[in-house]
Amino acid sequence: MRLRTVVTWLFAGAIGLLFLFMALSASVLWSFIHPVLPDAITLGGAVVPAWALLATLLALLVLLFILVLALFTLLFNRLIVAPLVALTTAMATFTENQSLTRLPPLSRITELQELTRAFIAYTNGVEAVHARDKEISRVKSDFISTAAHQLRTPLTGIRWALEALQKDQLTQEQHALVESAVGKSRDLVGIVGTLLDISSIESGKHQYRFEPIAIDQLAATVAQDFAPMAQEHSVTVSVVPPPAPLPPARADRQQITWVLNNLIENAIRYTPAGGTATVSFAQVPDRVQVLVRDTGIGIPQKDRNNIFERFYRAENAIQKENGGNGLGLYIARTIATDHGGDLHFENNAEGPGTTFTLSLPVAHA
Ligand code: ADP
């Protein structure tokens, strides 16, 4: 119920009671003055019956009541409701943008002024924390980028050396050891490559190569690549072709392949055996969408706002899958927004699991 309605009703009730009290008092008074009052009164030459005079008086009183009520509502609106509404709007904008672009006007009421000042002080505090977080994150990214650059050369050297060693005459045991070392060094070179990708994407320095891409074909190929992993996890991966031909998306093939890999891999990893992962497509104005829906563990309400943050992993995901670094979705969303698109998710309305939707702009000829 709105504050305005509550106060108007309360005020109307109070004035109503006052009028009732006045009417009662008047009726008592009436019983005293009635015997001495004439039946009619002469006003400006005309004879007006006393009851008509009283009725007019009553009508005037009701009119006065309505006028006072309207005036009060107007004043109350100006002084209290409007500043509260402005403050609420400013709060909502701040929640959305994390910055206060327009200050809410100060009310004349002291308590509301204090509330507005407290809110402004709070937003200043939050903005300062954000700025500090950004700076920390920039320093961290710089460090990761430098460390990854430094690691890449010696690591590549180790991998080459191991691959050369593999060609030598080795015992079966030695061969197995070297092979395992080659595999691990490849993984390490891959991780370092990912770290470098992240820092270049994050710093906005990544050079995208946009081209028109048939997103349904690309997604189908990626899904196909996951067939062995899906089989290992006993999860059925299927691709539902679009009902009508899709326009090409404007995308960087390599980066979008990376995003699709991440979404489909997550759908398989976070779905218990026997579940399904379904890739489908949609078209909305100026955008094409890839939907990756699974019947998996879902994303708990308390984790919803953090899932796209770096290194964030939900508790249920950690329990289900040990491996994982919480970077995939962060990079995926950055890539999507760098394309002028978007990546978001919804827990499925019917049944368990989650649906991730990747939206990309349509490539215009
Ligand atoms: P990782 O999977 O390596 O942990 P991601 O950045 O890809 O990192 O995902 C971040 C987190 O988002 C996961 O740890 C998990 O909590 C959640 N998540 C991602 N995809 C799914 C999914 N399909 N179902 C349930 N949770 C998911």
Side-chain angles (χ1 to χ4, degrees), residues 133 137 140-141 144 148 187-188 190-202 206 219 222-223 225-240 254-282 289-339 341-359:
D133 277 358
S137 146
K140 230 161 59 182
S141 298
I144 292 177
D187 288 351
L188 266 178
I191 292 171
V192 168
T194 309
L195 288 178
L196 284 172
D197 274 354
I198 295 173
S199 51
S200 83
I201 285 169
E202 225 184 2
H206 189 80
V222 173
D225 291 344
F226 277 97
M229 179 179 174
Q231 201 175 10
E232 202 181 302
H233 281 70
S234 305
V235 171
T236 310
V237 176
S238 57
V239 179
V240 183
Q254 199 187 346
Q255 299 303 327
I256 290 302
T257 305
W258 196 97
V259 174
L260 292 170
N261 268 313
N262 192 264
L263 296 181
I264 297 175
E265 186 179 338
N266 277 352
I268 299 172
R269 282 166 66 221
Y270 296 122
T271 298
T276 58
T278 314
V279 181
S280 61
F281 308 92
Q289 296 183 320
V290 184
L291 290 90
V292 181
R293 180 191 172 98
D294 64 52
T295 57
I297 57 174
I299 295 175
Q301 189 62 30
K302 68 177 169 54
D303 300 302
R304 283 187 69 90
N305 294 334
N306 304 318
I307 229 68
F308 288 103
E309 274 172 25
R310 272 174 303 180
F311 304 113
Y312 191 88
R313 303 197 70 212
E315 204 63 54
N316 63 344
I318 297 172
Q319 275 166 17
K320 165 95 178 64
E321 284 290 321
N322 251 333
N325 50 28
L327 281 171
L329 284 184
Y330 168 72
I331 307 175
R333 174 127 99 174
T334 310
I335 293 175
T337 48
D338 283 353
H339 274 69
D342 176 32
L343 177 64
H344 66 266
F345 74 88
E346 287 299 332
N347 280 330
N348 297 334
E350 279 159 30
T354 319
T355 301
F356 278 85
T357 305
L358 168 70
S359 304

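Atoms within each ligand, like the ligands themselves, are counted from 1 in listed order. The shown structure was predicted, so the numbers you read here are calculated from the model rather than taken from an experiment.
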- [ ] Give a yes or no answer on whether the side chain of Asn348 reaches the backbone of Arg293 with a donor-acceptor pair at less than 3.5 Å.
- [x] no

Open item on the list: Minimum distance, heavy atoms only, to atom 12 (O) of ligand 1: which one of Ile307, Thr354, Ile264 is it?
Closed with: Ile307

Task: Numbered atoms of ligand 1 (with element) below 4.0 Å of Ala317, judged on heavy atoms - done: 14 (O), 15 (C), 16 (O)

TODO: Pick whichever of Asp294, Ile318, Thr355 has a heavy atom sitting closest to atom 23 (N) of ligand 1.
DONE: Asp294

Task: Plane angle bin for Phe356 and Phe308 - parallel if under 30°, tilted between 30 and 60°, otherwise perpendicular - done: perpendicular

Open item on the list: For atom 4 (O) of ligand 1, what is the closest protein heavy atom, and at what distance to 0.1 Å?
Closed with: Arg313 NE, 2.6 Å

Task: Over 12 foreign heavy atoms within 6.0 Å of CD, Gln254 - done: no

Task: Any side-chain donor near an acceptor of the partner, Gln255 and His206, under 3.5 Å - done: yes

- [ ] May I ask you to identify, for Leu327, whether its side chain, its backbone, both or neither come under 4.0 Å of ligand 1 on a heavy-atom basis?
- [x] backbone

TODO: Please work out whether any backbone atom (N, CA, C, O) or any side-chain heavy atom from C-beta onward of Ile299 is under 4.0 Å from ligand 1, and answer side chain, backbone, both or neither.
DONE: side chain

Open item on the list: Would Phe356 count as a contact residue for ligand 1, given that I'm defining contact as a non-hydrogen atom of the residue lying under 4.0 Å from a ligand atom?
Closed with: yes

- [ ] Run the contact test for Gly298 against ligand 1 with a 4.0 Å cut-off on heavy atoms, strictly below, and give the result.
- [x] yes

Open item on the list: I'd like to know if Tyr312 contacts ligand 1, where contact means a heavy-atom distance under 4.0 Å to any ligand atom.
Closed with: yes

TODO: Quickly, which of Leu263, Val290, Leu291, Leu343 forms a side chain to side chain contact (heavy atoms under 4.5 Å, CB included) with Thr357? Name it, please.
DONE: Leu291

Task: Shortest protein heavy-atom distance from atom 2 (O) of ligand 1, along with the residue and atom involved - done: Tyr270 OH, 2.7 Å

Open item on the list: Donor-acceptor check, side chain of Asn261 to backbone of Thr257, threshold 3.5 angstrom: yes or no?
Closed with: yes

Task: Region of Glu321 that comes within reach of ligand 1 [heavy atoms, distance under 4.0 Å] - done: neither

Open item on the list: Is it the case that the side chain of Asp294 and the backbone of Thr354 share a donor-acceptor pair, with hydrogens and angles ignored and the cut-off at 3.5 Å?
Closed with: yes

- [ ] Report, in ascending order of atom number, the atoms of ligand 1 lying under 4.0 Å from any heavy atom of Leu329.
- [x] 5 (P), 6 (O), 7 (O), 9 (O), 10 (C), 12 (O), 19 (C)

Task: Enumerated ligand 1 atoms positioned under 4.0 Å from heavy atoms of Gly324 - done: 3 (O)

TODO: For atom 3 (O) of ligand 1, grab the closest protein heavy atom and report residue, atom and distance to one decimal in Å.
DONE: Asn325 N, 3.0 Å

Open item on the list: The test is side-chain contact (heavy atoms from CB on, under 4.5 Å); show your working for Glu265 and Ile268 and say whether it passes.
Closed with: CA-CA 5 Å; Glu265 186 179 338; Ile268 299 172; 5.9 Å; no

Task: Stepwise side-chain contact (heavy atoms from CB on, under 4.5 Å) test for Asn262 and Ile331 - done: CA-CA 10 Å; Asn262 192 264; Ile331 307 175; over 6 Å; no

Open item on the list: With a sphere of 6.0 Å drawn around CD of Glu321, does it hold more than 12 non-hydrogen atoms of other residues, nucleotides or ligands?
Closed with: yes

TODO: Identify, for atom 7 (O) of ligand 1, the protein heavy atom at the shortest distance, and state residue, atom and that distance.
DONE: Asn266 ND2, 2.8 Å

